[in-house]
Structure formats: structure tokens, C-alpha cells
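Below is one structure, written out as C-alpha cells; comments come after it.
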Amino acid sequence: MSFNRWRFAWSGRPEMVDLFSNRFESLQGTVVGLRYYSGGVNPLEMVSLVREPQNPHDRNAVMVANVDGRQVGHIKKELAAAMAFVMDNNLAKVEGVVPYRTNNAFTMPVSLSFWGAEENRPAFTQRMAQHGLKFDSKGTMSKSEGSQGGRATKKVVTVPLSAEELKNAFDTLFDGLMESQDGEKEAAELVSTPLLPHQKQALSWMCACENSSTLPPFWEQRGALSLTCFSAKDSEGPRGPTGRPYGPGQNSDHHCPDPYQLPPREASSCAEMFGQVVEMSVETPQVTVSTDVQKKKPIVLLEDSDFAVALSGPTSGPKPKNKRSAKKTVPQDDLDIKLKKKKRATKQAILSKAAAEPCISETTEELSTRATLIICPLSVLSNWLDQLEQHVRAAVQLDVYLYYGPERNRSTSFLASQDVVLTTYNVVSADHANKSPLHAVRWLRVVLDEGHVIRNPNTQLERSWILSGTPIQKGVKDLWMLLAFLRLKPFHIKEWWNRVIQRPVTQGDRTGLLNLQTLVRCVTLRRTKTSTVNGRPLVALPGKAVCVERVELTWQERHEYELARSEGQSTVSRYVAEGTVLSNYADVLAILMTLRQLCCHPDLVAKMSASLSAATTPAELRQRLVEKLRAVLASGSDEECCVCLESVRLPVITHCAHVYCQPCIAQVVASERETARCPLCRSDITVSQLVEVPPGELERQEDGARCERWKTSSKVETLLGNLLRLRSEDPSIKCLVVSQFTRFLSVLETPLREQSFSFVRLDGTLSQKRRAQVIQEFQSSAPDSPVIMLLSLKAGGVGLNLTAASRVFLMEPAWNPAAEEQCIDRCLGQRREVHVTKFIVKDSVEENMVKIQRRKQDIVEKAFGSKNRPQDVSH
DNA sequence: ACCGCCGGGTGCC
DNA sequence: ACCGCCGGGTGCC
């Protein structure tokens with residue numbers, strides 16, 4: 001995972017579970033009443049503690065449940081009385097682990113840990129003391145209850161992970177998966193395209209996932225791993241109604257499940273706990289971006305074998321509608337799902353054989369089907385259709401329905417009769433408001449493409465897969481969403497996720513990290529473009545020929561450029577002499593920006609007033625800052641916020657003239673206790689001093705620029721020459737013209753129109769809908785379809801697929817070579833070679849861009865290092 | 001539960 | 001016999 005993506009995962013606060021993060025105390029208690037309940041617990045397993053305020057026997061009752069949610073017993077009443085107060089008043093959260101089992105069939109010990117906000121500690125301690133539970137300074141409980149306390153609390157001393165170690169662990173979290181899978185499975189007959197070895201492997205793995213009734217190693221080895229805290233199965237099975245039934249006054253509080261109401265469990269409930277993630281392509285950590293950026297190649301395999309029969313269980317309802325083996329395989333070669341490639345993209349799929357939820361299935365009347373539902377972003381819909389079309393044998397009648405558009409067929413029986421139903425996230429959520437037929441069908445399988453976008457996982461599924469290139473965008477918490485969707489027991493319950501993964505990981509606990517790694521390794525398949533199978537690369541990419549075309553400035557352009565350069569150079573020299581380069585970094589960047597813009601077109605340069613230090617009054621300073629900020633924005637450049645390393649959103653500028661996203665810098669300020677400092681130059685900053693651009697000003701700037709008479713530039717002419725030549729050679733060739741400066745794209749529109757080129761423009765300002773339209777137009781092979789796309793480097797988002805282009809013109813070098821690389825990859829259809837032309841102005845800043853880029857990265861990393869290591873905050 | 005606790009039966013040795 | 005002791009009934013909250 002990339003540096004930036006994991007940023008919050010180890011920077012603490014933002015991902016902190018909640019306020020319940022300080023361990024107050026641990027004590028040993030007793031679980032009683034075991035003989036009345038069926039929930040089993042093995043030694044060292046975790047249990048959850050649930051208040052039962054409605055319990056007719058004791059309003060203080062605290063119920064104990066195992067990982068499966070089955071009731072184990074109750075906390076002994078004296079202790080329950082103390083816990084009830086603590087829990088009801090939110091003084092602390094309680095977690096239980098059963099340390100060992102006695103040979104006593106009626107009670108068991110439970111080790112309780114209390115977690116709460118520090119300010120609640122006194123109230124907590126006092127209350128516990130009132131109930132005769134006192135804690136000494138060592139944090140062990142003295143008095144009552146704990147006659148065997150010594151055995152229970154084995155304090156494990158761990159050295160917390162450093163931020164660096166955590167980061168490395170995250171970076172490699174998805175590495176090395178599926179190293180030793182050696183099974184292969186051929187595609188079904190209906191697939192016309194032969195599978196590559198790694199596809200057969202993945203297919204074999206996926207089938208195994210869907211069919212398997214045995215536990216993945218994760219569960220089997222739980223004793224050896226530190227994930228010892230789970231009961232994979234009810235080892236004792238349901239005890240049946242041998243105990244006394246609930247009395248007549250029993251109320252049906254659903255927090256208190258009545259074991260006698262539940263249908264008997266399948267012999268092996270562990271079969272339900274099962275899930276897999278397939279990761280499809282890889283990224284290199286941004287920190288180590290180098291020239292040999294890894295190739296990315298998304299892969300998707302779907303396979304539907306005849307396991308429906310094998311899997312039929314009590315809740316599955318009617319099974320296969322016929323014996324036609326509808327198998328679908330989409331070889332990766334052409335499946336060109338373009339991901340939300342932020343810095344680099346990773347593609348993953350997650351599968352789970354969803355649990356048969358007894359309590360839910362009785363409430364809904366749903367139509368079971370053997371159909372597969374595929375949900376994806378709109379932009380890749382056509383990809384799926386294409387791929388199905390392309391790889392399914394023509395003679396086979398595969399019912400694929402596109403559930404999209406106002407006329408879509410909402411009949412549940414119709415949908416259930418399909419083999420594949422394709423739809424988009426937007427349709428699902430729009431439908432959801434009403435009564436969605438999608439939710440009324442019990443799909444055999446659901447596939448979420450770009451699944452990291454899911455919010456509310458409520459579908460009922462037999463088995464589900466998630467494909468995602470960016471399973472984690474902000475932090476580990478993102479994974480929870482996916483696990484929840486998959487019903488990956490027990491982690492779909494927030495409590496277990498928090499206890500086992502989230503809190504330990506955010507607190508730098510090695511065990512937590514190990515748990516996370518184990519979990520991920522067990523449920524994910526990762527495929528990267530550089531993955532090898534039997535020592536051979538998975539994919540041979542078609543080449544891309546990159547050539548650099550040097551651009552000579554005209555005499556007049558050179559004159560203007562040199563003026564700006566010498567002025568900038570003297571400014572920088574002065575900063576160097578003063579040793580203030582760092583604190584004037586924004587100025588340095590601005591100077592470089594101006595030079596870069598001059599290399600493209602003089603109109604890109606925003607007029608800027610003199611240095612900030614010339615400002616005397618606060619109002620004047622503010623005005624200067626606004627101008628500076630506006631200049632940065634108006635250029636349409638890809639200025640990055642160095643907190644999130646993304647393009648700046650909601651830009652604000654500090655008094656030290658550094659530009660950040662408003663939320664990012666606000667968070668920095670909030671997280672530093674005393675005085676907050678600018679991550680770039682360490683000047684003191686406060687939120688109130690942050691300056692935003694007054695709304696509306698940006699537009700005015702743009703309008704003003706447009707009034708002037710259009711003029712050309714050397715770079716524009718060079719591009720135009722290329723385009724005209726191409727058109728004369730082959731008028732159907734499609735080109736991408738890529739720039740970081742949206743204003744440059746605007747400049748280019750004029751000559752393109754003059755020369756009657758048919759073109760479209762794609763930049764960050766387009767709505768998602770319009771964007772999809774533009775892409776579709778450009779991808780069309782109709783004779784009058786556009787042959788040129790003006791593309792802003794940063795416009796890339798989910799599913800940008802521009803395979804129609806065979807030529808790419810990069811108008812200027814980017815700070816971040818990976819961004820260029822990605823942009824090029826987007827149009828790499830696997831069919832033909834792509835020609836890439838980079839324009840570089842001779843004897844200019846552009847030639848030094850790569851070096852400058854490195855230096856900038858250094859500074860950003862330093863800024864980070866000091867921010868993320870608390871002990872360094874004071875220098 | 002091979003416990004603790006309760007409460008009835010019982011009562012020199 | 002206003003006790004001790006015995007032994008059966010009993011058992012989460």
C-alpha cells in the first residue's frame with residue numbers, strides 16, 4: 001500500500017476506535033448459568049458482554065455471548081451489579097476473554113478488561129470500589145471474586161510497533177498472497193477464450209473458496225497464531241432444550257435470544273466463516289517511486305461451477321433452475337477494468353460464502369436464484385458487457401441483463417431468471433430508497449466491482465466477491481466495510497473487528513497487526529502485473545513506445561522565459577543565502593510554476609503581486625495570500641496537499657504561504673497539543689489564520705483570461721504539427737492530449753476548432769455523469785466520433801478506460817512521474833501498441849523536473865516524519 | 001456442584 | 001434444642 005493511503009492508519013487519532021481506548025483494569029469474574037445455554041467457548045476465546053436491562057430476574061443482568069453471538073451465560077450477579085452501572089453510564093466498555101476452562105460444567109471464569117476514556121477513570125474506580133472491587137497500583141484486582149486471579153491475567157508485555165514498522169507492515173500487507181497455490185482449473189466450455197495459467201490458478205482458488213466447507217488455514221491454525229480468541233465452531237453444539245424453558249413472563253427482547261427459538265445449527269457452523277479477497281494488481285509504494293514503475297494489469301475471473309448442489313443448505317431455498325452449466329470466465333487479457341487509480345492501483349476481489357442467517361431468513365420472502373449480480377461503477381459497465389460478449393462462446397445463450405435506465409425490468413422473477421444481472425452502484429442506491437427488486441432476490445453470487453465504494457452492505461447473499469484495486473483508502477477501517485459486506489464471521493460485527501484488529505492496530509500492537517495480516521492473507525488473492533506463476537510473468541504487456549520531442553522556444557518566448565528565470569533565480573539565491581528556502585517553499589514552487597507555464601503558453605501565467613514580505617498591513621497580507629492561492633488554483637496545476645498527498649481539495653493558504661486542503665490542515669492543527677506548526681516550514685499556524693479564496697473570484701479570473709486575443713506558442717505548434725501529420729496518415733487515429741494545466745487545455749481548444757478536429761475534453765470539473773458520456777463518445781468507433789481527448793492529468797478517477805487512443809501526447813513533464821505512467825496505462829488496451837510523445841522544452845526547467853521532484857518528495861517526507869512521531873514534535 | 005447454601009430433621013454415648 | 005450436627009434438596013440472571 002502506498003505511503004499516503006496508509007497515512008491515517010498509523011498517525012493515530014483519526015482512526016482511533018473511539019474514546020474507549022485506555023485500559024482501566026482487568027479482573028476476573030465468573031460466568032454462571034452455563035447449563036441453560038448452548039453457546040460454547042474454548043479456552044482463550046473472546047466473549048462479548050451484553051447488558052440485559054430487561055432481564056426479569058435482575059435488572060443488572062449482563063449476558064455473556066461467544067463469537068458466534070450465542071449466549072454462554074450470565075455474569076455473576078454481584079459483579080454484574082457493578083458492571084451494569086459502568087456499562088449503562090458509558091464509563092467503560094468491557095471485553096471478556098475466557099482464560100481457561102475448569103472442569104466445572106456450571107460456571108466458567110472470564111477475564112474482563114475495562115476500556116474507557118481517561119476522564120472516566122476516577123468514576124469507574126470509585127464505582128467498582130463501592131462494589132468491593134478494588135484495584136491496586138499495579139492494576140491487578142484485589143479482593144473478592146478473584147480467588148484464582150493469578151492464573152487469569154497473564155499480562156503480555158509487548159513492545160509497541162513504531163510508526164515506521166507499521167507503515168512497512170501495511171505496505172506489505174497485500175504482498176505475497178497466494179504464493180503456493182498450485183491447483184489449476186480449466187474454464188468452462190462456454191468460455192471461448194483459453195485461460196492463461198494464472199487464470200486457471202485463480203479460478204481453481206475461487207472455486208475452492210465457493211465450494212469449500214472446510215476452514216481456511218486461518219481458522220485451523222488459530223491456536224498457533226495469535227488469533228486464538230475465536231471459536232470457529234460450537235464445539236459442544238446446541239444443548240437442546242434440556243434446561244428449563246423461559247417462564248411465561250419472559251419478554252422477547254431481542255438482545256436476549258431465546259435459544260429454543262433458533263433452528264438447529266448445521267453441524268459445522270464454521271463453514272459459514274469463510275471469505276477470500278482477490279487482489280488483482282499491484283502498486284509500488286510511492287515512497288520508492290522509480291523509473292521502473294510496475295505494470296498494472298487488472299484481472300478478473302468469475303466462475304460458476306456446479307457447486308450449487310453441493311452447497312444447498314437449509315436456507316438456500318430452491319436450487320438450480322436447470323442443469324445448464326452457466327460458466328462465465330472473463331480472462332484478464334481484455335478485461336480492462338480501470339480502477340480508481342490514485343497513485344497506484346491494486347485490484348482485489350473478496351469472496352465469502354455468506355452465512356445462513358437464521359434470524360433474517362425467516363423475515364424476508366425472497367426469490368432464490370442461481371443468478372450472479374454484478375454491481376460496478378457506471379464507467380465500467382460497458383467493459384463488463386464487452387467482456388461477457390467477447391469471451392462467451394457465441395453458440396451459448398447466456399442471459400445477461402443490464403439492469404439500468406428508466407425502463408429497466410423490475411420484475412423479480414425476471415431478474416431471478418437471468419444468469420447475470422449487471423447494474424451500477426447508483427442504481428442500487430436509487431432503488432434502495434424504494435423497494436428494490438434487487439434486494440428481493442436472493443442471489444447466488446454478488447460481485448462488487450470497485451467494491452471499496454460500498455457503504456451499506458445489506459444484501460443477502462450466498463456468496464459474494466469484491467473486486468477492488470484500493471481496498472484501503474484511508475485506513476484499516478475501510479476493510480471493515482468489505483468484511484461486513486462479506487459477512488466474514490465474526491468480523492462483520494463491529495465489536496470483534498474493533499477488538500481484534502482495529503484498536504490493536506491503531507495502538508501499534510503487534511498482535512493486532514498479526515491478526516490483520518493473517519486475516520488478509522486468508523481471504524485475499526492478489527494479482528499484480530509483475531506477479532509470476534511458476535517463475536514466469538503473468539502478462540506480457542504490449543509495448544508502449546515513449547519518445548521525447550524537444551521543443552525550441554521562439555526568440556520572443558525565450559526572452560520572456562529568461563526574464564522570469566533570472567528574476568526567480570535571484571529570489572531563490574537570496575533564500576538560499578538567508579537559509580530560508582524551506583519557509584519560502586511556496587514561493588520557490590510558484591517560481592518554478594511560472595517557468596513551467598511559460599514553457600507551455602504565456603497565457604497560463606497568472607499575474608502575481610510581489611513577495612509576501614512586502615505586505616505591511618494584515619489586510620494587505622491577506623490580499624496577497626488570496627492572490628497567491630488563486631494563482632496556484634487558476635493554473636489548473638496538480639498542486640498536492642502535502643498532508644494527504646492528493647490534489648488539494650477546499651484549498652486554504654497559511655500565513656506562511658503554504659497551500660493545503662482545509663480539512664487536512666485543520667486536522668494537523670487539532671492534533672498538535674500546544675501550538676500547531678506548518679508541516680512544511682514549521683511556522684506557527686492557527687485555523688483562524690487560514691485564508692480561503694472568496695467564492696466567485698476564481699471564475700472572474702478565468703473570464704478575464706478568455707477576453708484576450710488568442711495567440712499560439714511553440715509547444716502548441718509542435719502539438720498541432722503532430723496532430724495534423726497523424727490525421728493525414730490515418731484520420732481515425734485517436735489521441736490523448738494530456739496536461740496538468742486545465743487552462744492549457746482551454747488554450748488548445750482554439751486551434752483544434754480552427755483545424756476542425758473533433759475533440760472532447762475531460763477534466764476534474766466534469767460531473768460523473770458527463771464524464772462517463774465523454775468517455776463513451778471518445779471510445780466510440782463511429783466515423784464522426786471525436787479523435788482527440790483533452791485530458792487533465794488529474795482527472796483520472798474510477799474506471800477511466802481510454803483504450804480507443806493509440807497516441808498520447810504529454811504536454812509537459814509532471815512532478816510525479818507515476819501520475820504520467822498511470823495516465824498512459826489507462827489507454828493501454830491490450831491489443832495495440834501505444835505511442836507516447838513527451839514534449840520537453842529545451843534548456844528549461846522542464847529538463848530538470850525529475851530532479852526537482854525528488855527534492856520535493858524528500859521535504860514532504862521529512863515533514864511527515866516529524867509529524868507522525870510524537871516524540872519528535874518538540875524537535 | 002467432588003462445591004456452598006438453605007432449611008428440616010434431629011439430638012448422650 | 002433460643003444450639004450444633006447431619007444429610008437431602010438444590011443451583012444464573
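Residue numbers begin at 1 in each chain, while the letters A, B, ... track the order of the sequences. Remember, predicted model here, so these are calculated numbers, not experimental data.
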Atom CE of A:M63 and atom P of C:dC12 are separated, to the nearest Å, by 17 Å
What's the closest nucleotide to the A:Y37 side chain, out of B:dA1, C:dC13, C:dC12?
C:dC12
Protein-nucleotide distance (A:E78, atom CD; C:dC13, atom P), rounded to Å
7 Å
Would you please confirm or rule out a distance under 4.0 Å between OP1 or OP2 of C:dC12 and any side-chain N or O of A:K77?
no
Nearest 0.5 Å, please: how far is CZ in A:R499 from NZ in A:K494?
15.5 Å
List for me each residue that meets side-chain contact (heavy atoms from CB on, under 4.5 Å) alongside A:L49, sequence neighbours excluded, and say none if there are none.
A:V62, A:V64, A:I75, A:M83, A:M87, A:V94, A:L112
Given the side-chain rings of A:H492 and A:F485, with only the six-membered ring counted for Trp, is the space between their centroids under 6.0 Å?
no
Stacking between C:dC12 and A:H74, yes or no? Criterion: centroid separation under 5.5 angstrom, plane angle under 30 degrees.
no
I want to verify the glycosidic state of C:dA1; is it syn or anti under the 90° rule?
syn
A:M83 CE to C:dC12 C1': how many Å, rounded?
14 Å
Taking atom P in both C:dG8 and C:dC3, compute the distance separating them and give it to the nearest angstrom.
25 Å
Using the ring of each side chain (for Trp, its six-membered ring), is A:F114 parallel, tilted or perpendicular to A:F124, with breaks at 30° and 60°?
tilted
Does any N or O donor sit under 3.5 Å from an N or O acceptor when you compare the side chain of A:D58 with the base of C:dC13?
no
Decide, applying a 5.5 Å centre-distance limit and a 30° plane-angle limit (both strict), whether A:F106 stacks on B:dA1.
yes
Take atom CG of A:N104 and atom C1' of B:dA1, then tell me their distance rounded to the nearest Å.
7 Å
For atom P, what is the distance between C:dG4 and C:dG9, given to the nearest Å?
26 Å
Whom does C:dG11 pair with, Watson-Crick or G-U wobble, provided both distances fall under 3.5 Å?
B:dC3
Would you measure the distance from the P atom in C:dT10 across to the matching atom in C:dC5 and give it in whole Å?
25 Å
